[in-house]
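Some notes on the structure that comes next.
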Amino acid sequence: MADTLRDLAERCTRLLGPESVISDPVRLRTYECDGLTSHRASPGLVVLPETAEQIAAIVRACGEAGVPYVARGSGTGLSGGALPRTDGVLIVTARMRRILDIDIPNQRATVEPGVINLDVTRAARPHGYYFAPDPSSQQICSVGGNVAENSGGAHCLKYGFTAHHILACEIVTPDGEIAELSRDDPGFDLLGVFVGSEGTLGITTKITVRLTRLPETVRTLLAAFDTIGKGGDAVSAIIAAGVVPAAIEMMDALSIEAAEAAVACGYPEGAGAVLVVELDGPDATVEHQFAQVERLCREAGAFEIRVAADDTERALIWKGRKSAFAAMGRISPAYIVQDGVIPRTSLGEVLGRIDALSRESGVRVANVFHAGDGNLHPLVLFDDSVPGAQERAETVSGAILDLCVEHGGSITGEHGVGADKARYMPRMFSDDDLDTMQMVRCGFDPAGLCNPGKVFPTPRLCGEVPGVRKGPHPLVAEGKADLF
Amino acid sequence: MLPLDAFAKVCADVRPGEDADQVDGLTPPVVAAPATLDEASAVMRTAAEHGLAVVPSGTGSKLGYGRPVERCDVLVTTRNLDGIIKHSPGDLTLHVEAGLTFEALRETEADGWGQHLALRPPENGTIGGAIATDVAGPGRLLHGSARDLLIGITTVRADGTIARAGGKVVKNVAGYDLGKLYTGSLGTLGLIVDATFRMHPAARAVRVAVVTDDPGRAVQAVLHSQVVPRAIEIDRPAGSDETTVAVEAETETPDETSARLHELLGGTPAPEPDWWNRLPEGEVLAEIRSLPARLPEIIKAVKDLPLRGSAGAGRLYTTPDYTTPDGVEELREALKPIGARVVLVRAPLAVRKSVDVWGPLPTLPIMRRVKDQFDPDHRLSPGRFAEGV
Ligand SMILES: Cc1cc2nc3c(=O)[nH]c(=O)nc-3n(C[C@H](O)[C@H](O)[C@H](O)COP(=O)(O)OP(=O)(O)OC[C@H]3O[C@@H](n4cnc5c(N)ncnc54)[C@H](O)[C@@H]3O)c2cc1C
């Protein structure tokens with residue numbers, strides 16, 4: 001271990017106690033990746049603080065030593081956002097799991113960053129409330145991670161993303177100061193830009209979330225179509241009718257096959273696509289809209305419609321969809337989960353192009369997606385025992401992102417850019433766009449120590465005159481900063 | 001070369017400022033009205049080359065927000081950037097230029113769109129102005145403000161650089177969400193040129209109003225009920241014991257929902273309020289930001305002042321006394337124990353010069369550093385926000 005890290009380890013041990021500092025190489029390996037296992041790096045040091053003050057002290061210590069640090073919640077991120085640095089400190093929030101306040105009159109809860117997403121809902125449910133953002137990982141991911149990634153979920157079509165449900169964040173700034181960012185602050189919306197910044201602007205240590213009233217009624221249906229195109233038509237018709245379902249999810253034949261093999265969800269046989277539509281809200285409104293949705297699905301050519309009669313049947317309908325990613329293991333030794341977005345109206349065309357890509361390359365692609373908002377999760381399948389197969393899969397996966405951008409979409413709808421997609425950012429944004437974003441970063445983190453190397457392909461050195469880059473940056477020349 | 005000529009070279013609509021163009025008592029020597037993104041960029045670059053202070057403006061309806069600007073060499077108006085670039089009904093998105101007025105948008109929406117941009121600022125103004133001042137109207141409760149509806153933005157920075165963030169799709173987490181940063185930026189970070197929003201279906205809605213002596217209970221009853229309130233507004237005239245509570249709810253079954261609301265609200269049924277989404281009259285207008293459950297305490301604390309606004313969302317307006325210099329501070333003091341903040345939104349120049357418009361700004365150090373990055377020479381609406389921003 002380098003001297004700087006050894007000194008830091010000692011300092012952190014004094015601050016936190018020995019049980020909260022990990023420097024043993026074997027134990028460090030536990031943290032070498034997040035949910036994106038293809039990127040790995042053993043952290044230089046892991047700390048498990050319990051308070052904001054401790055985090056502030058660690059951040060200050062890192063700042064003084066010029067050591068980079070990365071925050072980690074539950075490590076379920078799918079873009080390598082929590083990928084550690086071998087020369088840095090990983091700050092894990094797993095011991096900050098208290099729900100500090102449930103304030104029903106004001107429809108909010110205040111939690112520590114390590115609190116598990118679903119635990120917020122569990123605490124609020126007895127009062128008739130829940131935390132609306134529901135990533136599929138909600139049983140394990142942390143609210144701090146949700147904030148950093150601006151996570152979505154199946155129900156964000158109607159209820160919005162994490163950003164819409166965050167009312168305030170206490171943060172430790174890269175200066176090591178504790179600050180509170182609130183929606184009620186006058187002036188430019190720092191809270192808004194902090195949410196979704198993937199841990200690059202500071203570490204959140206306390207989060208006030210909005211709680212949403214549990215709906216009076218939830219109704220779910222499954223519609224089977226012989227082609228994806230017809231399923232897409234049904235989605236268009238539903239949106240055109242002015243209905244905003246809580247969720248509209250679609251799966252294609254290959255993903256149905258996998259789900260069937262994994263969990264025997266019993267979806268209608270011979271379906272080229274299934275659509276899961278869920279409506280929620282007041283009884284009367286849901287009844288009215290549900291009838292509309294059923295009719296529109298039939299008109300679009302659904303050959304079978306199943307309506308969940310109770311919670312058990314509802315869970316059964318969701319079972320196939322929820323197992324879809326994991327189920328890929330049944331039909332392929334390895335796969336890449338892609339996350340791209342297209343304008344929903346381009347669905348048919350883009351899926352056709354993905355199909356063509358798949359046929360030309362011989363790489364199978366299963367499609368699962370949040371159809372309501374055009375967020376595709378193509379699963380690119382490959383056999384990792386075949387030389388070159390992974391590279392071919394990655395090429396197809398990258399080409400799918402190109403398709404998304406070409407159609408006016410995005411390279412990520414919910415999994416974030418992280419370490420994985422930084423290199424794709426220039427496909428979506430100009431150098432000036434990226435430079436401008438990094439000005440925010442320079443405002444928060446001039447030394448560039450807070451989760452460096454994520455989101456942006458080329459770091460911008462703070463203090464640089466916009467647009468002009470000549471010679472090494474003074475900080476680099478002085479040996480005070482590094483180009484990561 | 002005279003600045004005016006320099007601007008005329010890069011922008012077709014440039015003229016010297018007149019009295020009518022005054023911003024906070026300053027007559028801008030140059031008024032530029034770019035009609036394209038390129039012109040906007042060239043105007044900003046020209047201002048930078050001459051070291052001139054720029055004040056971006058829309059219709060000018062909200063130029064009285066914040067503290068008075070200290071310099072105004074160039075007034076850049078988005079008057080000529082007023083088009084609808086693209087409405088994609090199937091994607092529920094709308095791409096517009098920043099100078100489009102709400103009046104114009106509403107007229108177009110009414111032409112069979114069946115969907116709307118869920119922002120209803122109380123006064124006409126431009127889209128860019130609504131973003132820069134973060135006004136929203138009663139629907140803030142359900143739909144939030146511009147920050148919650150914006151999905152993409154194009155801006156021109158102080159040095160003329162064009163910068164885009166977000167995109168055209170409703171779901172997108174690529175890069176920092178600069179649209180949010182520009183929300184509430186009051187022309188201090190850059191010129192907003194165009195913006196893309198998420199649209200909402202023009203859902204059916206009912207509005208129900210009652211007069212009650214217990215508005216706190218009424219508001220809570222609706223908030224925790226199963227109707228879907230888009231807005232919960234109140235109006236309490238100065239000194240009165242009675243408050244009108246008005247609720248707008250989205251529904252497919254209006255009669256049933258109205259009945260439900262009346263039951264929840266209690267009180268005496270009142271006619272459709274004429275004050276709905278209208279700012280209270282008064283030379284000085286202050287916004288009170290608080291937790292919604294604090295309503296009864298606020299009502300008591302400002303008994304002698306009128307109170308109106310979005311009780312469900314915790315945003316109320318009042319018109320504090322400014323005949324004594326301490327009127328605003330007194331209001332702030334009275335509300336401090338309740339944890340409510342007071343922001344002055346409109347006041348005569350003399351008042352804005354002498355009182356603290358914003359109240360405490362705990363994140364000012366970060367804002368200053370962000371500002372220094374975006375506008376290192378502090379030429380954009382200088383003085384408008386807070387010291388150093
Ligand atoms: C099976 C599976 C299903 C998933 N489904 C979804 C889905 O439906 N929708 C969706 O959006 N995502 C989904 N994800 C991705 C992931 O779960 C989310 O991004 C989640 O929000 C990450 O939370 P985490 O606690 O695991 O964060 P981590 O992976 O630990 O960290 C993620 C990022 O957040 C930063 N971070 C963590 N804590 C903090 C903090 N306190 N302050 C500042 N930054 C911090 C990290 O530095 C990193 O950049 C899924 C992942 C898996 C494995």
Side-chain angles (χ1 to χ4, degrees), chain A residues 105-107 128 149-150 152 156 160 164 173 179-181 184-190 192-193 196-197 213 216 236 239-240 242 244 281-282 284-285 288-289 341-345 373-375 408-414 416-417 425 428-429 432-433 436-437 439-440 442-444 455 466-467, chain B residues 88-92 114-115 144 147-148 157 159 161-165 167-178 180-186 189 201-203 220 223-224 226-228 251-253 256 289 291-293 341 343 358 361-363 366-367 369-370 372-374 385-386 389:
Chain A
N106 292 304
Q107 302 179 309
E149 299 290 355
N150 186 16
C156 59
H164 296 106
T173 68
E180 160 132 326
L181 311 179
D184 285 341
D185 289 337
F188 34 90
D189 185 0
L190 293 178
V193 80
S197 61
R213 190 86 177 89
E216 194 168 35
S236 296
I239 300 284
V244 180
T285 295
H288 179 90
Q289 293 187 332
V341 190
I342 50 168
R344 215 185 30 69
T345 45
D373 43 31
N375 186 188
S410 169
I411 58 168
T412 170
E414 54 182 17
V417 179
M425 286 289 273
M428 226 179 126
F429 296 107
D432 284 341
D433 300 341
T436 306
M437 290 178 193
M439 288 178 150
V440 178
C442 289
F444 276 82
V455 185
Chain B
S88 312
D91 296 315
L92 287 172
Q115 29 184 264
R147 79 187 294 278
D148 301 290
R157 266 170 21 203
D159 62 2
T161 307
I162 295 168
R164 292 188 171 84
K168 297 191 180 68
V169 282
V170 295
K171 197 170 181 186
N172 173 15
V173 294
Y176 292 165
D177 194 348
L178 296 189
K180 292 201 172 55
L181 190 71
Y182 280 92
T183 308
S185 63
L186 295 160
L189 286 184
Q220 285 290 315
L223 272 181
H224 303 300
Q226 284 293 352
V227 297
V228 183
T251 177
E252 291 287 339
T253 47
E256 182 247 15
R289 303 180 175 185
L291 293 173
R341 307 187 196 200
V343 172
W358 306 110
L361 294 169
T363 55
I366 310 177
M367 288 199 193
R369 293 204 314 238
V370 172
D372 286 343
Q373 290 287 328
F374 278 75
F385 183 51
V389 180

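Side chains are part of it too, since the values below use all heavy atoms of this structure and drop only hydrogens, waters and symmetry mates. A, B, ... follow the sequence lines: proteins, then strands. Residue 1 opens every chain. What you see is a predicted model, and the numbers here were worked out from it, not measured in a lab.
- Under a 3.5 Å cut-off, the side chain of R289(B) and the backbone N or O of D184(A) do form a donor-acceptor pair.
- Judged by distance alone, with hydrogens and angles left aside, the side-chain atoms of T285(A) form a donor-acceptor pair with the main-chain N or O of E252(B) at under 3.5 Å.
- Looking at E180(A), only its backbone comes within 4.5 Å of chain B, counting heavy atoms on both sides.
- Interface remark: V343(B) contributes side-chain atoms only to the contact with chain A (heavy atom separation under 4.5 Å).
- Proximity to chain B (any heavy atom under 4.5 Å) is shown, for F444(A), by both the backbone and the side chain.
- Counting heavy-atom pairs closer than 4.5 Å to chain A, the top residue among V169(B), V370(B), I162(B) is V169(B).
- Considering only heavy-atom pairs separated by less than 4.5 Å from chain B, the leading option among I342(A), I239(A), T173(A), L190(A) is L190(A).
- Contacts between Q289(A) and chain B at a heavy-atom distance below 4.5 Å involve the side chain alone, from C-beta outward.
- Contacts between M437(A) and chain B at a heavy-atom distance below 4.5 Å involve backbone atoms as well as side-chain atoms.
- Counting heavy atoms from C-beta outward, P282(A) and V228(B) have side chains that approach closer than 4.5 Å.
- Between chain A and the options L178(B), T251(B), L92(B), heavy-atom pairs under 4.5 Å are most frequent for L178(B).
- Neither the backbone nor the side chain of S236(A) comes within less than 4.5 Å of any heavy atom in chain B.
- In terms of heavy-atom pairs under 4.5 Å with chain A, the best-connected choice from A174(B), S88(B), P201(B), A293(B) is A174(B).
- A pairwise comparison of heavy atoms in D177(B) and V193(A) identifies O-CG2, 3.9 Å as the closest pair.
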| query | side chain to side chain contact (heavy atoms under 4.5 Å, CB included) between M428(A) and V417(A): does it pass, once the steps are laid out? | reply | CA-CA 12 Å; M428(A) 226 179 126; V417(A) 179; over 6 Å; no
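- Nearest heavy-atom pair across T436(A) and A163(B) is OG1-CB, 3.2 Å.
- Residues G175(B) and V455(A) come closest through the heavy atom pair CA-CG1, 4.3 Å.
- If you tally non-hydrogen atom pairs under 4.5 Å between each of D373(A), V244(A), I411(A) and chain B, the highest count goes to D373(A).
- Contacts of Q226(B) with chain A are made by both backbone and side-chain atoms, with heavy-atom separations under 4.5 Å.
- Interface residue L291(B): backbone and side-chain heavy atoms are both found under 4.5 Å from chain A.
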| Going through the distances and angles, do L361(B) and V389(B) end up as a side chain to side chain contact (heavy atoms under 4.5 Å, CB included)? | CA-CA 12 Å; L361(B) 294 169; V389(B) 180; over 6 Å; no
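- Here G192(A) is the residue among G374(A), G192(A), A284(A), A179(A) with the most heavy-atom pairs under 4.5 Å with chain B.
- Contact of L223(B) with chain A is made through backbone and side chain together, with heavy-atom distances under 4.5 Å.
- Using a 4.5 Å cut-off between heavy atoms, R344(A) touches chain B through backbone and side chain atoms alike.
- Interface summary for chain B: among S410(A), G416(A), G160(A), the most heavy-atom pairs under 4.5 angstrom belong to S410(A).
- When heavy atoms are compared at a cutoff of 4.5 Å, D372(B) does not approach chain A at all.
- Contacts between L189(B) and chain A at a heavy-atom distance below 4.5 Å involve the side chain alone, from C-beta outward.
- Y182(B) and F374(B) have perpendicular rings, their planes meeting at more than 60° on a 0 to 90° scale where under 30° would count as parallel.
- Without hydrogens or angle criteria, R213(A) side chain to G128(A) main chain gives a donor-acceptor distance under 3.5 Å.
- Closest non-hydrogen pair, S185(B) versus L181(B), comes out as CB-O, 3.9 Å.
- Here the side chains of D185(A) and R341(B) are in contact, with some heavy-atom distance below 4.5 Å.
- Ranked by heavy-atom pairs shorter than 4.5 Å toward chain A, the options Q115(B), Q220(B), R147(B), E256(B) are led by R147(B).
- Using a 4.5 Å cut-off between heavy atoms, H288(A) contacts chain B through its side chain alone, with no backbone atom that close.
- Both the backbone and the side chain of R164(B) come within contact range of chain A, judged by heavy atoms closer than 4.5 Å.
- Listed here is the closest heavy atom pair of P186(A) and F385(B): O-CZ, 3.7 Å.
- Top candidate by heavy-atom pairs under 4.5 Å with chain B, chosen from N150(A), V440(A), L181(A), T345(A), is T345(A).
- Each of P343(A), G242(A), C156(A) has some count of heavy-atom pairs under 4.5 Å with chain B, and the biggest count is that of P343(A).
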